[in-house]
Enquirer: 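For reference, the structure I am asking about is given below.
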Amino acid sequence: MPELPEVDTVRRTLEPFIVGRRIESVEINYGGIIKKPEPAEFIRLVEGRVIRVIKRRGKYLLIQLDAEYTLVIHLRMTGQLTICERNSALSKHTHLIFRFENGRELRFVDVRKFGMVYLIPIGAWHEAGGLARLGPEPLEDEFTLCSFCEIIKGKKGKLKAFLLDQTRIAGIGNIYADEIMFAAGLSPQRQIETLSSKETELLYENIRAKLNEGVEHQGTSIRDYVNGLGEKGGFQHRLKVYDRAGQPCARCGTSLLKATVCGRGTVYCPHCQH
DNA sequence: ACGTTGACCTGTGTGC
DNA sequence: TGCACACAGGTCAACG
């Protein structure tokens, strides 16, 4: 499900409901999503804590508690994190519930159970999967054309693989990778070492533009994605290539093709992308 | 250093 | 309607 714009939207919509709230109790229905510590220890450390702040880093959500611990959550493909009333119907795949004193709760629902939750001491980022190895945030001011050129310089391989590599740039996934490459007129198979400086700049501009557009429209809801209040996003209506195989290219009318690149379904225009 | 594949899970859509 | 199969917003490990 969620790439940078979706995770960012979840963060933004949850914030007013959870910051400053005390977690009265925790219920674990499926312990498999909690990667560390053990469930009993997890509950012991979280219950009674107050949420200080919620941040996003790449596709990870970081929920800072008042006891020098950070809850790190990755939604993977189908994870949802939503605010619900305590008495509202529980969906089938609710694996984790944080209850607040005001009658509301934060629920983690994940059909495919790929999602991951870690509770780690502040700063111990290396204990939370790939969090410590993430590349720069593409929407931050520090991510300049100059810094992008440094990242791409000397690298080899397919453009699509580069965009999906979280250690190069944090937060791009399959949908936005395809949209970025279409907008930049670049083929997913293109070897990055052959990009001209003009093409590199076009790529840089469209990474920023497409991710910003995704954030602005509150993410892409094609299957499971919803924001922190259970609402769908709107970017699915603006997609130019993703999920549009066989439909005409918005730019030239050629039928969009689908292929597997880097093991991922990839849609592109054979006429506009080189 | 790169590329491909399978593993982790469940649900949905397709074609027969 | 049933069944088999492919495929799905991600990442990681194990190969060649």
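None of the values given here were measured: they were computed from a predicted structure. Every heavy atom of this structure was used, including side-chain atoms; hydrogens, water molecules and symmetry mates were not.
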Enquirer: Output the rounded distance in Å from CZ (A:Arg76) to P (C:dA8).
Expert: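 Going from A:Arg76 (CZ) to C:dA8 (P), I get 17 Å.
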Enquirer: How would you label the contact of A:Lys160 with the nucleic acid (heavy atoms, under 4.0 Å): base, sugar-phosphate, or nothing?
Expert: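 Since no nucleic acid heavy atom lies under 4.0 Å of A:Lys160, the category is nothing.
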Enquirer: Of A:Ile222 and A:Leu131, whose nearest nucleotide on DNA chain C comes first from the 5' end?
Expert: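 Final value for this comparison: A:Ile222.
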Enquirer: Give a yes/no on whether any side-chain N or O of A:Lys156 is located under 4.0 angstrom from OP1 or OP2 of B:dG3.
Expert: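 A:Lys156 to B:dG3 OP1/OP2: no side-chain N or O under 4.0 Å.
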Enquirer: Between atom NZ in A:Lys155 and atom P in B:dA1, what is the gap in whole Å?
Expert: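 Value for this atom pair: 10 Å.
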Enquirer: Classify the nucleic acid contact of A:Gly265 as base, sugar-phosphate or nothing, counting any heavy atom under 4.0 Å across all strands shown.
Expert: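 Result for A:Gly265 = sugar-phosphate.
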Enquirer: Grab the CD-C1' distance between A:Gln166 and C:dG10 for me, whole Å please.
Expert: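 From A:Gln166 CD to C:dG10 C1': 8 Å.
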Enquirer: I'd like to know if the side chain of A:His274 and the backbone of A:His271 have a donor-acceptor N/O pair within less than 3.5 Å.
Expert: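 Yes; judged by distance alone, with no hydrogens or angles, the pair exists.
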Enquirer: Can you tell me if A:Lys113 touches the phosphate of B:dA7, counting only side-chain N or O atoms and a distance under 4.0 Å to OP1 or OP2?
Expert: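 So the side-chain polar atoms of A:Lys113 never come under 4.0 Å of the phosphate oxygens OP1 or OP2 of B:dA7.
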Enquirer: Relative to A:Phe182, does A:Arg251 satisfy both conditions: NZ or CZ under 6.0 angstrom from the six-membered ring centre, and within 45 degrees of the ring's axis?
Expert: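 Yes, a cation-pi geometry holds between A:Arg251 and A:Phe182.
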Enquirer: Taking only side-chain nitrogens and oxygens of A:Arg264, does any of them come within less than 4.0 Å of OP1 or OP2 of C:dG10?
Expert: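 A:Arg264 to C:dG10 OP1/OP2: side-chain N or O found under 4.0 Å.
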Enquirer: When A:Glu24 is tested against each of A:Arg86, A:Arg99, A:Arg49 for salt bridge (charged side-chain N to carboxylate O under 4.0 Å, His left out), which residue passes?
Expert: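 For A:Glu24, the salt bridge (charged side-chain N to carboxylate O under 4.0 Å, His left out) test succeeds with only one of A:Arg86, A:Arg99, A:Arg49, which is A:Arg86.
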Enquirer: How close or far is atom C1' of C:dT11 from atom CG of A:Leu75, stated in whole angstroms?
Expert: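 Distance check: A:Leu75 CG to C:dT11 C1' gives 14 Å.
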Enquirer: Whole Å only: how far is the OH atom of A:Tyr225 from the C1' atom of B:dG11?
Expert: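 About 21 Å, once rounded to whole Å.
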Enquirer: Whole-Å distance between B:dC8 C1' and A:His74 NE2?
Expert: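 So the two atoms are 14 Å apart, to the nearest Å.
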Enquirer: Tell me what A:Tyr176 touches on the nucleic acid: a base, only sugar-phosphate, or nothing, going by heavy atoms under 4.0 Å.
Expert: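 Nothing, no heavy atom under 4.0 Å.
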Enquirer: Tell which nucleotide pairs with C:dA8, taking only Watson-Crick or G-U wobble pairs whose two distances are both under 3.5 angstrom.
Expert: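 Base partner found: B:dT10.
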Enquirer: Centres of the A:Tyr69 and A:Tyr118 rings: under 6.0 Å?
Expert: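 Distance test on ring centres: not under 6.0 Å, no.
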Enquirer: Please answer whether B:dC8 and A:Phe114 are stacked, defined here as ring centres separated by less than 5.5 Å and planes angled under 30°.
Expert: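 Stack criterion met.
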Enquirer: Can you tell me the distance, in whole Å, between the CE atom of A:Met77 and the P atom of B:dC8?
Expert: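 To the nearest whole Å, that distance equals 15 Å.
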Enquirer: Given B:dG11, C:dC12, B:dG3, identify the nucleotide with an atom nearest to the side chain of A:Arg133.
Expert: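 Nearest listed nucleotide: C:dC12.
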Enquirer: Flag yes if more than 12 heavy atoms outside A:Lys36 fall under 6.0 Å of its NZ atom; otherwise flag no.
Expert: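 Above 12, so yes.
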Enquirer: Is a donor from one side chain sitting under 3.5 angstrom from an acceptor on the other, for A:Asn227 and A:Thr9?
Expert: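 A:Asn227 vs A:Thr9: no donor-acceptor pair found between side chains.
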Enquirer: With a 4.0 Å cutoff (strictly under), does any side-chain N or O of A:His93 reach OP1 or OP2 of B:dG11?
Expert: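 For A:His93, the contact criterion (side-chain N or O under 4.0 Å from OP1 or OP2 of B:dG11) is met.
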Enquirer: Quick one: which of B:dC2, C:dA8, B:dG11 gets closest to the side chain of A:Val111?
Expert: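 My answer, after comparing the listed nucleotides, is B:dG11.
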Enquirer: Output the single nucleotide from C:dC12, C:dA8, C:dG10 whose closest atom is nearest the side chain of A:Asn174.
Expert: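 Of all the options, the side chain of A:Asn174 is nearest to C:dG10.
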Enquirer: Taking 4.0 Å as the cut-off, does a side-chain nitrogen or oxygen of A:Lys258 come that near to OP1 or OP2 on C:dC7?
Expert: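 So the side-chain polar atoms of A:Lys258 never come under 4.0 Å of the phosphate oxygens OP1 or OP2 of C:dC7.
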Enquirer: Send over the distance from A:Gln189 CD to B:dC2 P, rounded to a whole Å.
Expert: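 Computing the A:Gln189:CD to B:dC2:P distance gives 16 Å.
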Enquirer: Rounding to the closest angstrom, what is the interatomic distance between C:dA8 and B:dT5 at atom P?
Expert: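 The same atom, P, in both gives a distance of 14 Å.
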